[in-house]
Protein chains: 2
Amino acid sequence: MSLKHGLLGLLNYGSMTGYELHKVFQNSLNFFWQAQVSQIYRELNAMEKKGWLTSEYEMQTDKPNKKRYTITKSGRQELKNWLNHGRLEDAMTIRSAFMMEIFFSGERSTRENLEQLKTFADLCEKSLVRMDEADASVSNYEKVTKESDRVLYWMLTASFGRRYFEMCLRWAKDAIQILEEE
Amino acid sequence: MSLKHGLLGLLNYGSMTGYELHKVFQNSLNFFWQAQVSQIYRELNAMEKKGWLTSEYEMQTDKPNKKRYTITKSGRQELKNWLNHGRLEDAMTIRSAFMMEIFFSGERSTRENLEQLKTFADLCEKSLVRMDEADASVSNYEKVTKESDRVLYWMLTASFGRRYFEMCLRWAKDAIQILEEE
DNA sequence: TGGGTCATGTAACCTGTTACATGATTAG
DNA sequence: CTAATCATGTAACAGGTTACATGACCCA
């Protein structure tokens with residue numbers, strides 16, 4: 001039930017269309033949750049049926065019409081409930097197809113494994129660069145809006161992301177060294 | 001398609017029943033992939049239809065009959081293919097409902113957030129203890145079997161797990177400090 | 001002339017979760 | 001007496017992925 005609540009959280013900041021939500025999602029929640037546009041439309045529909053949202057059409061002549069969603073009182077209540085029932089158990093689980101691959105890498109040659117780990121290390125570095133950009137845009141936002149209580153928590157998630165990729169990079173480098181010493 | 005390939009990898013070590021696979025899964029892949037028993041049975045069925053596995057019944061009088069699965073040549077080929085087409089893109093994504101919660105924690109009181117972070121830090125410490133136990137059992141296995149090429153990669157995934165939880169713990173402690181200084 | 005942006009979705013499929021069912025044996 | 005272990009599953013539902021459809025406008 002996390003995508004629904006992610007969308008709820010964003011709509012709590014202000015009314016938006018599905019299309020706009022998708023773009024906002026991409027620049028914020030996307031670091032730790034992924035969603036296709038089509039899925040967003042489906043969820044918005046379901047959420048409206050539950051009474052968490054209302055919608056109204058905005059007619060346009062030059063472009064397709066818009067369907068703007070607004071959070072309701074019951075939607076805000078649902079968001080609060082969700083925040084109060086922590087997802088801590090979930091927080092302790094890792095789900096990584098890549099680690100599964102590593103687990104079975106004894107069936108592959110060391111040369112292939114080294115190659116794979118080096119590409120992984122490379123991607124980690126690229127992700128770190130992207131985190132720098134994200135940080136910059138968040139702290140810029142802070143200067144402009146002064147919504148510092150929200151921004152503090154956004155920065156905490158960003159810092160988690162950065163540390164995650166740093167950890168991955170260190171792990172990969174150490175793994176490469178171990179394999180090369182063989 | 002990762003659960004299928006995880007099961008394939010385990011069956012590559014030796015023939016097993018669904019029930020046994022579930023237990024082996026719990027003590028190995030479970031650190032980075034989770035699966036219900038019922039899902040395992042369903043996937044085994046699908047994999048047999050694809051020709052990756054064959055099965056035979058083992059009759060028992062005192063206990064329920066067993067259905068033992070064996071990997072086929074085409075199953076081994078599939079495993080190899082899977083290993084050769086890296087899942088690196090996937091490796092770069094984090095999916096965490098907990099981080100989504102943190103992202104929206106500006107809507108909650110600082111007191112509640114501190115409580116949540118402290119519980120999280122606690123759980124990280126517990127996970128680290130479990131990683132110690134896992135490490136011990138893997139290195140014990142190594143001494144017994146001498147399958148050192150496989151064990152090397154298992155240890156790499158375990159080391160990733162440990163580092164992940166260590167990172168989480170440090171992040172949580174730093175976050176707590178930031179909130180307390182407010 | 002082709003591709004991108006704007007904006008909505010539907011349909012089919014795959015994967016994951018939860019609840020339920022059976023029925024004997026064994027350990028506390 | 002109760003709960004766990006052994007061993008198989010089915011059914012329903014929720015959530016995520018992929019492919020497809022429409023149609024105008026703008027930019028190179």
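On a predicted model such as this, the values are computed, not experimentally measured, just so you know. Residue numbers begin at 1 in each chain, while the letters A, B, ... track the order of the sequences.
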A.B. asks: Expressed as a whole number of angstroms, how long is the span from A:Y41:OH to D:dT17:P?
C.D. replies: 17 Å

A.B. asks: CD of A:Q39 versus P of D:dG16: gap in Å, rounded?
C.D. replies: 5 Å

A.B. asks: Does B:R87 qualify as a cation-pi partner of B:W82, given the criterion of NZ or CZ under 6.0 Å from the six-membered ring centre and within 45 degrees of its axis?
C.D. replies: yes

A.B. asks: Which part of the nucleic acid, if any, lies within reach of B:N45 when heavy atoms closer than 4.0 Å are counted: base, sugar-phosphate only, or nothing?
C.D. replies: nothing

A.B. asks: Round to the nearest Å and state the distance from B:Q36 atom CD to D:dC13 atom C1'.
C.D. replies: 14 Å

A.B. asks: Using 0.5 Å steps for rounding, measure from the CZ atom of A:F165 to the OG atom of A:S127.
C.D. replies: 4.0 Å

A.B. asks: How many whole angstroms separate atom CD of B:E89 from atom P of D:dT17?
C.D. replies: 14 Å

A.B. asks: Could you tell me how far apart A:L44 (CG) and D:dG15 (C1') are, to the nearest whole angstrom?
C.D. replies: 15 Å

A.B. asks: Going 5' to 3' along DNA chain C, between which two nucleotides do contacts with chain A fall, using a heavy-atom cut-off of 4.0 Å?
C.D. replies: C:dT5 to C:dT17

A.B. asks: Could you go through B:E20 and B:R68, starting from their C-alpha distance and side-chain angles, then the distance that decides it, and tell me whether this counts as salt bridge (Lys or Arg N to Asp or Glu O under 4.0 Å)?
C.D. replies: CA-CA 9 Å; B:E20 286 163 357; B:R68 185 170 302 278; 3.5 Å; yes

A.B. asks: Taking any heavy-atom pair under 4.0 Å as a contact, classify A:S2: base, sugar-phosphate, or nothing.
C.D. replies: nothing

A.B. asks: Please determine if B:K67 and B:E58 form a salt bridge, counting it only when a charged side-chain N lies under 4.0 Å from a carboxylate O.
C.D. replies: no

A.B. asks: Once you round it to whole Å, what is the distance between P of D:dC13 and NZ of A:K4?
C.D. replies: 14 Å

A.B. asks: Within this structure, what is the CG-to-C1' distance between B:D90 and D:dT18, rounded to whole angstrom?
C.D. replies: 17 Å

A.B. asks: Nearest whole angstrom, please: distance from the P of D:dA7 to the CD of B:E20.
C.D. replies: 7 Å

A.B. asks: Under 4.0 Å, counting only non-hydrogen atoms across every strand here, what does A:R95 touch: a base, just sugar-phosphate, or nothing?
C.D. replies: sugar-phosphate

A.B. asks: Under 6.0 Å from the six-membered ring centre of B:W52 and within 45° of its axis: does the NZ or CZ of B:R76 meet both?
C.D. replies: no

A.B. asks: Please compare B:N65 and B:R42 by the position of their nearest nucleotide in DNA chain D and report the one closer to 5'.
C.D. replies: B:N65

A.B. asks: Give a yes or no on whether a salt bridge exists between A:K118 and A:E180, defined as a side-chain N under 4.0 angstrom from a carboxylate O.
C.D. replies: yes

A.B. asks: Backbone N or O of B:L8 within a donor-acceptor pair of the B:N12 side chain at under 3.5 Å?
C.D. replies: no

A.B. asks: Base of D:dT17, side chain of A:S38 - is there a donor-acceptor contact under 3.5 Å?
C.D. replies: no

